[in-house]
Amino acid sequence: GGTDDQKRRAGERAAEAVDDGDVVGLGTGSTAAYAIRALGRAVDDGLDVVGVPTSFDSRQLAREVGVPLRALDEVERIDVAIDGADQLDSRLDAIKGGGAAHAREKVVDAAAERFVVVADPSKTAETLSRSVPVEVLPDARAAVERDVDALGGEPTLRRAERKDGPVVTDNGNVVLDCDFGAIAEPAALAADLAAVPGVVEHGLFVGLADAVYVGTDDGVEVRTR
Ligand code: DER
């Protein structure tokens, strides 16, 4: 992955684009965490924002740094969402879910007027090729594995560390990491995965990101859709 400096530059630049009065979707992961910390400092300096967290971790960090919080169903709108990604292609389509938070992330990121991805250079690629995290109802796992196989994917149940058995998401589901190799048509695969019974949410974020802030060793590259 990228360096902490690269991630920090991306996160802090994205936080600068947040305006007074904004409702901000607070993404999950180490890069989005820098944006949340920067927002905490801005709130200390008088910025008036409300954060909508996308996971247990983003909620905890927001509380720690003093960003006021509302639940998703308590806000009328989301002005901007700032979130990381596991991989991003040249059309700003992304694979997310490294932190198994992609179900709630997608609701918040898609609802936002403006969705900004924060990343480091290790995340960008010509074509998406990482495994796609798929959140699955626990009892449907075997059926979904068969459907993923039929779609040409290789599903692997994401196992927990320091806990026997699988990772369990904030929503009580399990995650299959599905390797499809190079994904030439993300939109088609996204539609196929969304149609599989038992799939709660997949980690293909197609046509959602409005901009990406890529933190480099000497600055931030901003790319828009
Ligand atoms: O889980 C997610 O989708 C996160 O955004 C994650 O994929 C990115 O995490 P990172 O910023 O720590 O690489």
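Whatever order the structure lists ligands and atoms in, that order sets their numbers, starting from 1. Only a predicted model underlies this, so the values are computations on that prediction, with no experimental measurement involved. No hydrogens, no waters, no symmetry mates; every other heavy atom, side chains included, goes into these values.
- Every heavy atom of Gly1 sits 4.0 Å or more from the atoms of ligand 1.
- The pair Lys96-Glu201 does not count as a salt bridge, with every side-chain nitrogen at least 4.0 angstrom from each carboxylate oxygen.
- For atom 9 (O) of ligand 1, the nearest protein heavy atom (residue, atom name, distance) is Gly29 CA, 3.8 Å.
- The CG atom of Asp93 sits 8.5 Å away from atom CG of Leu204, with the distance rounded to the nearest 0.5 Å.
- The closest protein non-hydrogen atom to atom 4 (C) of ligand 1 is Thr28 O, 3.1 Å.
- Taking every heavy atom of Lys96 and a limit of under 4.0 angstrom, the matching atoms of ligand 1 come to 2 (C), 3 (O), 4 (C), 5 (O).
- The nearest heavy-atom contact from the protein to atom 13 (O) of ligand 1 is Lys123 NZ, 2.6 Å.
- Taking atom 6 (C) of ligand 1 as the reference point, the nearest protein heavy-atom neighbour is Asp86 OD1, 3.7 Å.
- With contacts defined as side-chain heavy-atom distances shorter than 4.5 Å, the pair Asp147/Pro197 qualifies.
- Proximity annotation for atom 2 (C) of ligand 1: of Glu105, Gln87, His102, Lys7, Glu105 comes nearest, heavy atoms only.
- Backbone and side-chain nitrogen or oxygen atoms of Gly98 are examined, and one is located within less than 3.5 angstrom of a nitrogen or oxygen of ligand 1.
- A donor atom on one side chain and an acceptor atom on the other are not found under 3.5 Å apart for Glu221 and Thr216.
- The shell of residues lying under 4.0 angstrom from ligand 1, judged by heavy atoms, includes Gly97.
- In the model, Asp57 has no side-chain atom that pairs as donor or acceptor with a side-chain atom of Ser55 under 3.5 Å.
- At a heavy-atom distance under 4.0 Å, only backbone atoms of Ala85 (N, CA, C or O) approach ligand 1.
- Among protein heavy atoms, the minimum distance from atom 12 (O) of ligand 1 is reached at Ser30 OG, 2.5 Å.
- By the 6.0 Å contact criterion, CG on Asp45 is enclosed, its count of non-hydrogen atoms from other residues, nucleotides or ligands being greater than 12.
- Taking the salt bridge (Lys or Arg N to Asp or Glu O under 4.0 Å) definition, one finds that Asp177 meets it with Arg158, sequence neighbours left out.
- With rounding to the nearest 0.5 angstrom, the CG atom of Leu189 is 9.5 Å from the CG atom of Leu128.
- Residue contact check: Gly99 has heavy atoms under 4.0 Å from atoms 1 (O), 2 (C) of ligand 1.
- Shown in contact with Asp83 at under 4.0 Å from a heavy atom are these atoms of ligand 1, numbered in order with element: 5 (O).
- When hydrogens are left out, the protein atom nearest atom 11 (O) of ligand 1 is Thr31 OG1, 2.7 Å; that is the closest non-hydrogen contact.
- When side chains are defined from C-beta on, Val212 does not count as touching Thr124, because their heavy atoms never get closer than 4.5 Å.
- A salt bridge does not link Arg8 to Asp120: none of the charged nitrogens lies less than 4.0 Å from a carboxylate oxygen.
- Against a heavy-atom cut-off of under 4.0 Å, Gly84 is close to the following atoms of ligand 1: 5 (O).
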